> 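Before I ask anything, let me first share the structure, which is written out below as structure tokens.
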Amino acid sequence: MKTLLARLVTEALAALAQAGTLPADVHPEVQIERTRERAHGDFATNVAMTLAKVARRKPRELAEALVAALPAHPQLARVEIAGPGFINFFMAPAAWQAVIATVLDQGSAYGRSNAGGGVKTQVEFVSANPTGPLHVGHGRAAAIGDTLARLFEATGWDVTREFYYNDAGVQIGNLALSVQARIRGLEPGAPGWPEDGYRGEYIRDIAADYLAGKAVVADDRQVQAKADPDDLDAIRDFAVAYLRHEQDLDLRAFGVAFDVYYLESSLYADGLVERTVARLAGSGRTYESDGALWLASTAYGDDKDRVMRKRDGSYTYFLPDVAYHWTKWERGYRRVVTELGADHHGSLARVRAGLQALDVGIPPGWPEYVLHQMVTVLRNGEEVKISKRAGGYVTLRDLIDEVGRDATRFFLIMRKSDSQLVFDIDLAKQQSLDNPVYYIQYAHARVCSVMRQADDKGIPFDAAAGRASLGRLDDPHEEALMLQLDRYPELIAVAARDDEPHLLAGYLRELAQGLHAYYNAQPFLVDDAERRNARLALIAAVRQVIANGLTLLGVSAPESM
RNA sequence: GCGCCCGUAGCUCAGCUGGAUAGAGCGCUGCCCUCCGGAGGCAGAGGUCAGGGGUUCGAAUCCCUUCGGGCGCGCCA
């Protein structure tokens, strides 16, 4: 409908230009927006105001001329001029009613599009190092990254989910030493316990399994424990596989699956770090100072120059980060989203600057970054502290076990990633109206229940009859719902374009609210078969869109609760 | 000190790439079940959109600035 209106307005503008009311050389972008209030019609445009200056006419005068030149269309019932010069469009009821048939025809495909045109796209997220179980922050990353990936898939992008981690660095060495200390029966803090060792109970579990010679299978590796307390390499390999496996279980319980696991160590093994150094050196933007090799990254928008190679000859993490993102480009991903905790925001400007310095055709501003702010967990109104080193923190799996996957995913996605998020465990656990995820799921279950009732009463929903009688839908609640349904594809497109999955959570809440209000205002199973089937067609369409939206969030749409 | 993010109702937060009288949930007050699931709905109170400048037909939204909070600012990852 938006595109229809935009076309009509453009035609009218062309006619005005022809008549000399408008200068011939203006080609304004016609904005059609949804109105906030029904009194303002269904859609509105502000072109008369934006063009008033170049046309040297008063906005309302211009609006009059434009409306006079507007071609008639059966879907357009009425046009009004209001306020400072808005042109308000009132659509014919049939135009709204048509959305119901569209939803029912398209089913789970409603809302999908091909905006991405099949372009190879990658979402990198979670990317936790295998030094412990995943915590709530990783959960937020997983919810955001996976939902984005689903949104991209729904809008025609060819998506790969990637998990990047380091299996060979300082932290991993520390992990191996911690497990070895546990193998030797040491407790955290005891003499001989490694400095900055991992103190969590899970280290003890790894030690026990290692000694027992167990085998461990993770999604990207498998290892048989050697049970030798002195073989630090073997301990490390086992511990990494063990924790990777634990993370796999967490992610699976969360409904998240990765296509690719990328190892930082492979960047070194495959010579990609060296190649990156050489390429950067060739840029003429590197220099030696204090015995270290620097990149003049300030030339590319960074706020200070960065050390590439330290005085001791080893590389800083800046280099593998650039090398890694270069591989993303080389592997053909043209849209890339890197999802990180906001505490890593410093790497953003550095990596982009490094990629520019490579001069390999990567556009400025590539890749997209989505940074999420901190998660605070509340239990009994008190903050639960998260401390990885000390152990005993709230893990993702604790949350899933306690509040369930649906509520966990929903709570972690419902806020804008830029905002800090308070995760109230007690609220998330509540199976009541206070809990938004139950409220939405209940709307879905409620429609299913009405359909069952219809069957029981021997008046099952007749979809064909419903479609033929859509003209019977004239209640304000019905109009509001049709409007909401019509908006859904646009919302999906915007959420995918702007990397804002939280919009979908808010939309679904509003749609559910519309359904509940309608339910209370009107009976559906009325004797008048035309009206009854028309109403059932409407709520069937609402159920379909709720299901489609929940699927994109990775949340189930139950038929009864 | 510098950079990024945030500041909207008592609380938690939306506000759809600048639009008309700023919204929702919870909490509070008062209503609504002979009816398809009351696990619901309706109405009301509650705001200097942190403060101050600017840009323009129009600003919660864009720019500058002050204040407050979070996170970064290492030849750690």
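Each chain gets a letter, A, B and so on, in the order the sequences are listed, and its residues count up from 1. Model, not experiment: these values are computed from the prediction.
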> Whom does B/C33 pair with, Watson-Crick or G-U wobble, provided both distances fall under 3.5 Å?
none

> Counting side-chain heavy atoms from CB outward, which of B/U12, B/G70, B/G19 is closest to A/P84?
B/G19

> Take atom CZ of A/R535 and atom P of B/C36, then tell me their distance rounded to the nearest Å.
16 Å

> Nearest to the side chain of A/V494, heavy atoms from C-beta on, is which of B/G41, B/C16, B/C75?
B/C16

> Among B/A77, B/G41, B/G15, which nucleotide sits nearest the side chain of A/H502?
B/G15

> Going by heavy atoms closer than 4.0 Å, what residues in residues 296-317 of chain A are next to RNA chain B?
A/K304, A/V307, A/K310, A/R311, A/T316, A/Y317

> Before you tell me yes or no, could you show the steps for A/D312 and A/S314 under side chain to side chain donor-acceptor pair (under 3.5 Å), namely the whole-Å CA-CA distance, both residues' side-chain angles and the distance that decides it to 0.1 Å?
CA-CA 6 Å; A/D312 67 8; A/S314 64; 2.7 Å; yes

> Please check if any side-chain donor atom of A/Y488 sits under 3.5 Å from a side-chain acceptor atom of A/N548, or the reverse.
no

> Within this structure, what is the CG-to-P distance between A/L503 and B/C13, rounded to whole angstrom?
17 Å

> Check whether the ring centres of A/Y439 and A/H516 lie less than 6.0 Å apart, and answer yes or no.
yes

> Base, sugar-phosphate or nothing for A/S289? Non-hydrogen atoms, less than 4.0 Å.
base

> Calculate the interatomic distance between A/I459 atom CD1 and B/C36 atom C1'; express it in whole Å.
9 Å

> If you count heavy atoms of other groups shown closer than 6.0 angstrom to NZ of A/K58, is the number above 12?
no

> Have a look at A/Q522 and say if it touches a base, only the backbone sugar-phosphate, or nothing, with a 4.0 Å heavy-atom cut-off.
base

> Phosphate oxygens OP1/OP2 of B/C36: is one of them under 4.0 Å from a side-chain N or O of A/H516?
no

> So what does A/L525 hit on the nucleic acid, given a heavy-atom distance under 4.0 Å: a base, only sugar-phosphate, or nothing?
base

> Any side-chain N or O of A/Y439 below 4.0 angstrom from OP1/OP2 of B/G41?
yes

> Go through residues 342-353 of chain A and report each residue with a non-hydrogen atom lying under 4.0 Å from RNA chain B, sorted by number.
A/A342, A/D343, A/H344, A/H345

> Which glycosidic conformation, syn or anti, is assigned to B/C26 if syn requires a torsion within 90° of zero?
anti

> According to the Watson-Crick and G-U wobble definitions, with both distances under 3.5 Å, which nucleotide is paired to B/G23?
B/C13

> Using both distances under 3.5 Å as the test, list the Watson-Crick or G-U wobble partner of B/G44, or none.
B/C28

> Distance check, C1' atoms only: B/G46 and B/G10, in whole angstrom units.
8 Å

> Which of these nucleotides, B/A24, B/C36, B/C5, is closest to any side-chain atom of A/R509?
B/A24

> Determine the contact category for A/A44: base if any of its heavy atoms lies under 4.0 Å from a base atom, sugar-phosphate if only primed atoms, P, OP1 or OP2 are that close, otherwise nothing.
base

> Would A/R472 and A/E478 count as a salt bridge (Lys or Arg N to Asp or Glu O under 4.0 Å) here? Give the steps.
CA-CA 10 Å; A/R472 301 295 298 277; A/E478 293 164 346; over 6 Å; no

> With a 3.5 Å cut-off and no angle check, do the side chains of A/Y165 and A/E264 form a donor-acceptor pair?
no

> When we call it a touch if two heavy atoms are under 4.0 Å apart, what does A/N46 touch: a base, just sugar-phosphate, or nothing?
base

> Taking the side chain of A/N129 as heavy atoms from C-beta outward, which of B/C13, B/A77, B/C36 is closest to it?
B/A77

> Under 4.0 Å between a side-chain N/O of A/T50 and OP1 or OP2 of B/G18, yes or no?
no

> For B/U61, which nucleotide is its Watson-Crick or G-U wobble mate, given both distances must be under 3.5 Å?
none

> When you compare the side chains of A/S469 and A/N533, does any donor N or O come within less than 3.5 Å of an acceptor on the partner?
no

> Are A/F125 and A/F163 near enough that their ring centres are under 6.0 Å apart?
no

> Going by purine N1 to pyrimidine N3 plus the second Watson-Crick contact, or the G-U wobble pair, all under 3.5 Å, which nucleotide sits opposite B/U55?
none

> Counting any heavy atom closer than 4.0 Å, what does A/A292 reach on the DNA or RNA strands: base, sugar-phosphate only, or nothing?
base

> Which is more 5' along RNA chain B, the nucleotide nearest A/D290 or the one nearest A/F86? Just name the residue.
A/F86

> Tell me the interatomic distance from A/I413, atom CD1, to B/A14, atom P, rounded to whole angstroms.
12 Å

> Quick one: which of B/U56, B/A14, B/A24 gets closest to the side chain of A/Q513?
B/A24

> Roughly how far apart, to the nearest Å, are B/G25 and B/A45 at atom P?
15 Å

> Within a 6.0 Å radius of atom CD on A/Q522, are there more than 12 heavy atoms belonging to other residues, nucleotides or ligands?
yes

> Classify the ring geometry between A/Y324 and A/Y164 as parallel (under 30°), tilted (30 to 60°) or perpendicular (over 60°).
parallel

> Between B/C36, B/G41, B/U17, which nucleotide has the shortest distance from any of its atoms to the side chain of A/N520?
B/G41

> Which part of the nucleic acid, if any, lies within reach of A/D456 when heavy atoms closer than 4.0 Å are counted: base, sugar-phosphate only, or nothing?
nothing

> Heavy-atom count around A/D456 CG within 6.0 Å, excluding the residue itself: above 12?
yes

> Quick check on RNA chain B: between A/N166 and A/N88, whose nearest nucleotide comes earlier from the 5' end?
A/N88

> Roughly how many Å apart are B/A60 and B/G7, using the C1' atom of each and rounding to a whole number?
11 Å

> Please tell me if A/R446 has a side-chain N or O lying less than 4.0 Å from either OP1 or OP2 of B/G38.
yes

> When rounded to the nearest Å, what value does the distance between P atoms of B/A59 and B/C16 take?
16 Å

> Under 4.0 Å, heavy atoms only, any strand: does A/P523 hit a base, just the sugar-phosphate, or nothing?
base

> How many Å lie between CD on A/E510 and P on B/G15, as a whole number?
10 Å

> Using purine N1 to pyrimidine N3 plus N6-O4 or O6-N4 for Watson-Crick, or N1-O2 and O6-N3 for G-U wobble, both under 3.5 Å, which nucleotide pairs with B/G3?
B/C71

> For the side chain of A/K416, starting at C-beta, report the closest nucleotide among B/G15, B/U12, B/C57.
B/G15

> Look at all strands and tell whether A/D321 reaches a base, only sugar-phosphate, or nothing, counting heavy atoms closer than 4.0 Å.
nothing

> Could you tell me whether A/A82 contacts a base, only the sugar-phosphate backbone, or nothing, with contacts defined as non-hydrogen atoms closer than 4.0 Å?
base

> Taking atom types as modelled and ignoring hydrogens, do the side chains of A/S265 and A/D167 form a donor-acceptor contact shorter than 3.5 angstrom?
yes

> Give me the distance, rounded to whole Å, that separates B/U17 from B/C13 when you measure between the P atoms they each carry.
22 Å

> Sticking with atom C1', work out how far B/G23 lies from B/A9, rounded to a whole angstrom.
10 Å

> Rounding to an integer number of angstrom, what distance separates B/A14 and B/G54 when you compare their C1' atoms?
28 Å

> Provide the distance between the two C1' atoms, one in B/U21 and one in B/G15, to the nearest whole Å.
15 Å

> Let me know which of A/H325, A/H344, A/E162 forms a side chain to side chain contact (heavy atoms under 4.5 Å, CB included) with A/T338.
A/H325

> Regarding A/Q171 and A/N166, do their side chains bring together a donor and an acceptor under 3.5 Å, going by distance alone?
no

> In terms of side-chain heavy atoms of A/E264, which of B/A77, B/G41, B/A14 is nearest?
B/A77

